[in-house]
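The chains referred to below are lettered A, B, ... by the order of the sequence lines, with proteins before strands, and numbering in each begins at 1.
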Protein chains: 2
Amino acid sequence: MILSRTSQYAVQALIYMATQPSETPVLNKDIAAQLGVPAPYLAKILQSLAKGNLLFSFRGRLGGFCLREEGEKITLMQILLLTEGPAFTQSCLLGLKKCSDETACPLHFRWLPVKKKIIDLLQETTLEKLAKAVESGKYRLADVPGKLFEQVKV
Amino acid sequence: MILSRTSQYAVQALIYMATQPSETPVLNKDIAAQLGVPAPYLAKILQSLAKGNLLFSFRGRLGGFCLREEGEKITLMQILLLTEGPAFTQSCLLGLKKCSDETACPLHFRWLPVKKKIIDLLQETTLEKLAKAVESGKYRLADVPGKLFEQVKV
DNA sequence: ACAATATAAAACAATCTTGTCCGAATATCC
DNA sequence: GGATATTCGGACAAGATTGTTTTATATTGT
């Protein structure tokens with residue numbers, strides 16, 4: 001598995017938030033329900049994203065979470081640096097502590113161009129793009145998405 | 001982290017084995033010492049690789065482990081399919097159970113070409129190539145490799 | 001028989017994921 | 001202003017998974 005479950009939930013949640021009107025805070029409870037993920041776990045993830053300055057959080061009635069920046073500015077890389085840790089981009093395939101151009105594992109120079117592709121993807125993919133994809137109805141954010149964009153307003 | 005520790009140890013161990021003469025079995029104990037990884041844990045990994053038909057194992061005195069095929073035939077993909085599980089190549093970045101061209105997550109088509117690069121790399125990289133890289137002395141298989149290819153025979 | 005070795009199983013520890021609980025903050029209603 | 005409902009915040013623990021160690025057993029060559 002490339003990403004930890006924590007990272008997967010974080011990305012899913014932020015994409016969902018980017019599909020919602022940005023004026024009113026989104027509830028952890030609602031996000032969890034829409035994605036079908038455990039609410040207590042998601043709450044902890046959202047709190048850490050708020051500490052990482054990616055979200056605003058508001059307590060009390062009418063509280064919830066808001067994206068701190070507009071969706072077009074937030075990249076997947078920003079999210080994953082918070083959830084996977086800052087060493088995320090420098091990790092060695094074989095797990096060596098020190099694996100650089102000078103002291104390299106035998107896979108280092110084969111892995112380098114692929115890693116660059118991954119990093120490029122993560123840096124150029126913004127929440128806005130992903131949110132639009134979901135809003136188009138052609139892509140889904142969760143298994144058995146149920147009524148993510150099929151619900152009728154009452 | 002891209003690979004589990006189990007996978008990292010497995011790849012390291014098999015590369016090391018490929019650098020050793022193929023006639024005589026290699027001892028788990030020796031591999032563990034050279035790589036600086038816990039021997040009992042490595043033993044479990046090697047056993048599972050033997051069950052997956054990648055290694056021969058011999059019990060008793062003069063026993064040990066041998067590569068089942070020559071190094072040039074064994075690819076990283078073969079190893080990781082055993083240690084990461086057969087679903088390894090189809091995993092969705094966001095963790096969706098069903099994420100195919102028909103039912104896709106918003107990252108699916110962006111991720112696809114990158115995933116292909118990874119799979120290509122894993123399929124075309126053989127133990128032989130990696131073993132030769134290590135034997136050249138320019139690459140290291142473990143942190144603080146100590147005397148991996150510096151030791152003097154007595 | 002003995003020593004060296006792999007194999008198996010089980011025990012232990014650490015980490016990751018999930019759930020429960022209660023307190024703190026905030027808006028709304030009276 | 002005070003009561004109330006709602007929501008985040010944080011502590012704690014249960015469960016699951018992964019990683020690590022220990023112990024015992026079986027096999028093989030000398």
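- For F65(A), the listed nucleotide lying nearest its side chain is dG9(D); candidates were dG10(D), dT20(D), dG9(D).
- Contact check, Y9(B) against dG19(D): no side-chain N or O comes under 4.0 Å of OP1 or OP2.
- Side-chain atoms of R5(A) lie closest to dT17(C) of the nucleotides dT22(D), dT7(D), dT17(C).
- Comparing atom distances between the L27(B) side chain and each of dT5(C), dT7(D), dT20(D) picks out dT5(C) as nearest.
- Position along DNA chain D of the nearest nucleotide to Y41(B) versus G63(A) favours G63(A) as the more 5'-ward residue.
- One finds no side-chain N or O of T6(B) lying less than 4.0 angstrom from the OP1 or OP2 phosphate oxygen of dT18(D).
- Taking atom CD1 of I45(B) as the reference point, atom C1' of dA8(C) lies 16 Å away to the nearest angstrom.
- When distances are taken from the side chain of S4(A) to each of dG19(D), dT17(C), dT18(C), the shortest belongs to dT17(C).
- The neighbour count for K129(A) NZ, taken as heavy atoms of other residues, nucleotides or ligands under 6.0 Å away, is above 12.
- For dA10(C), neither phosphate oxygen OP1 nor OP2 lies less than 4.0 angstrom from any side-chain nitrogen or oxygen of K44(B).
- With respect to N53(B), the side chain to side chain donor-acceptor pair (under 3.5 Å) criterion is satisfied by exactly one of R68(B), E69(B), Q78(B): R68(B).
- Proximity note for Q47(A) (side chain, C-beta onward) versus dT18(C), dT22(D), dG10(D): the nearest is dG10(D).
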Restricting both atoms to N or O, compile the protein contacts to nucleotides 26-30 of chain C shorter than 3.5 Å, with distance only.
residue: dT26(C); atom: O4'; partner: R59(A); partner atom: O; Å: 3.4
residue: dT26(C); atom: O2; partner: R61(A); partner atom: N; Å: 3.0
residue: dA27(C); atom: O4'; partner: R61(A); partner atom: O; Å: 3.4

